[in-house]
Amino acid sequence: MAIIISIANQKGGVGKTTISLNLAYALAKKGYDTLIIDTDPQFNLTFALIGMDIIKRNDNNIGTLLIENAVKKTQIENAIIPIEENLSLIPSHLKVSAIERLLMTAYMREQRLKRVLEKIEDEYDFIIIDNPPSLGIFLINSLGASDYVLIPTELGYFSVMGVQLTLDVIREIKSTELNPDLEIMGIVANKFTRQSKVPQVRLDQLKETYPDLPVVAILPRAVAVEKSQGEGKPVFEFDPKNKVSKAFLQLAEKVIKNVR
Ligand SMILES: Nc1ncnc2c1ncn2[C@@H]1O[C@H](COP(=O)(O)OP(=O)(O)O)[C@@H](O)[C@H]1O
Ligand SMILES: [Mg+2]
């Protein structure tokens, strides 16, 4: 059975998509069969990985899988796009935001992703779920289907509130039948820099505010990250010597260690 990990924070721009992509590539590179799922109606991850091919995926994407009442295994398999050795994608699509609205009133709407993954999780070691920057039905589906959640955050002035809101949602999900076993793996502090004192101060505050919440990784801010995304590549392939590349590979090691 696959280990399912959600990368979640309602705040946008904190690095959910970046971390999903790099973590999934790193796990695949280490030989783990990895599936990456884009549940964001804004489809940044899908676009980074398959570019304009996204247009063709009208009938097979995360939206069509979630809106279908009794989704069949063949439908799921048809939606999966091979990216490279050990790495596949269930894409998002331009039409997913319309589907999200339909899902809002659907029967058993919180458990759709869980039902989808039950049918295929035997075929993977890891399933990484990238999430939208909002608290909606897709995030609830992701958290409902996951074993673990990683919370990326920046270290700016308002960042701590994003962490708190995410923790609130997780607590709510854990208190229901949907997923009482959901575990918080910890925080990924992203875009760290020593050019100003603020990130270190915020990091210390974060640790003080949430003493039980591990900081799983500190990822430096680096231009190479954005550049690598333009090419749909993980940063450790684009610029292997960059210290951010090392940090992403260490994050993957840590994740593997934490789930064993
Ligand atoms: N460590 C980093 N260093 C530099 N830029 C980063 C880093 N992490 C993310 N970014 C950039 O920040 C922006 C937002 O990241 P993204 O992963 O799209 O966030 P989210 O998915 O949470 O909205 C992107 O342009 C991305 O390239
Ligand atoms: Mg994103």
Side-chain angles (χ1 to χ4, degrees), residues 5-26 36-51 54 61-63 89-94 96-97 100 128-136 138-139 141-143 149-156 158-167 169 186-196 198-200 202-203 206 215-252 254:
I5 305 172
S6 265
I7 316 296
N9 185 335
Q10 286 102 304
K11 207 167 178 318
V14 296
K16 290 180 291 296
T17 300
T18 305
I19 290 163
S20 300
L21 187 148
N22 282 280
L23 176 60
Y25 262 102
I36 182 167
I37 303 181
D38 187 0
T39 66
D40 186 355
Q42 290 178 47
F43 53 81
N44 293 354
L45 177 70
T46 303
F47 194 71
L49 290 176
I50 67 169
I54 189 173
N61 55 60
I62 188 65
L89 165 75
I90 295 184
S92 181
H93 187 267
L94 293 71
V96 166
S97 89
E100 184 179 19
I128 306 295
I129 310 175
D130 183 20
N131 282 288
S134 58
L135 165 57
F138 284 171
L139 180 61
N141 264 275
S142 297
L143 296 176
V149 49
L150 273 174
I151 309 172
T153 183
E154 290 181 87
L155 298 164
F158 295 117
S159 310
V160 179
M161 279 332 290
V163 173
Q164 183 57 52
L165 289 169
T166 309
L167 290 172
V169 181
I187 288 180
V188 178
N190 192 18
K191 305 189 190 179
F192 185 84
T193 167
R194 292 199 186 279
Q195 280 170 352
S196 120
V198 176
Q200 185 62 57
R202 293 285 166 231
L203 185 60
L206 208 60
V215 176
V216 181
I218 300 172
L219 306 172
R221 179 189 290 275
V223 183
V225 172
E226 214 148 349
K227 285 191 182 156
S228 63
Q229 260 158 5
E231 304 199 2
K233 288 251 165 297
V235 68
F236 52 81
E237 275 178 22
F238 179 82
D239 187 356
K241 295 214 173 95
N242 200 306
K243 64 178 191 241
V244 76
S245 300
K246 212 167 138 198
F248 270 111
L249 293 170
Q250 278 170 350
L251 168 65
K254 198 83 169 269

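First listed ligand is number 1; within each ligand, the first listed atom is number 1.
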Could you state the interatomic distance from CG (L165) to CG (L135), rounded to the nearest 0.5 Å?
-> 8.5 Å
Side-chain donor-acceptor pair under 3.5 Å between S228 and E237, yes or no?
-> no
Just need the protein heavy atom nearest to atom 8 (N) of ligand 1, so name the residue and atom and give the distance.
-> N190 ND2, 3.0 Å
Options T17, V14, N242, T153, ranked by nearest heavy atom to atom 21 (O) of ligand 1, top entry | T17
Under 2.8 Å from the Mg ion (ligand 2), is there an N/O/S atom belonging to T17?
-> yes
Using atom types as modelled and distance alone, determine if a side-chain donor or acceptor of N131 lies under 3.5 Å from a backbone N or O of I7.
-> yes
If you measure from each non-hydrogen atom of V223 to ligand 1, which part falls under 4.0 Å: side chain, backbone, both or neither?
-> neither
State the CD1-CG distance between I62 and N141, to the nearest 0.5 angstrom.
-> 8.0 Å
Can you find an N/O atom of G15 closer than 3.5 Å to an N/O atom of ligand 1?
-> yes
Atom 15 (O) of ligand 1: which protein heavy atom is closest, and how many Å away?
-> T18 OG1, 3.6 Å
With atom 5 (N) of ligand 1 as the reference point, say which of A222, P220, S20 has the nearest heavy atom.
-> A222
Say whether, by atom type as modelled, one donor and one acceptor occur between the side chain of T39 and the main chain of D130 under 3.5 angstrom.
-> yes
Any donor-acceptor N or O pair under 3.5 Å, side chains S92, D40 | no
Would you say ligand 1 has an N or O under 3.5 Å from any N or O of N44?
-> no
Looking at CD1 of I37 and CG of N61, how far apart are the two atoms once the value is rounded to the nearest 0.5 Å?
-> 12.5 Å
Within the 4.0 Å heavy-atom cut-off, what Q229 brings close to ligand 1 is side chain
Can you check whether N9's main-chain N or O pairs, donor with acceptor, with K16's side chain at less than 3.5 Å?
-> yes
When you measure from atom 23 (O) of ligand 1 to every protein heavy atom, which one gives the shortest distance, and what is it?
-> G13 N, 2.7 Å
For the side chain of D239 and the backbone of V235, is there at least one donor-acceptor N/O pair under 3.5 Å apart?
-> no
Interfacing atoms of ligand 1 (cut-off 4.0 Å, heavy-atom, G12) = 23 (O)
Of all protein heavy atoms, the one nearest atom 7 (C) of ligand 1 is V225 CG1, 3.6 Å
Proximal candidate to atom 13 (C) of ligand 1 [heavy atom criterion; set K227, K191, R221, K11] | K191
If you scan protein heavy atoms around atom 25 (O) of ligand 1, the nearest is E226 OE2, 3.1 Å
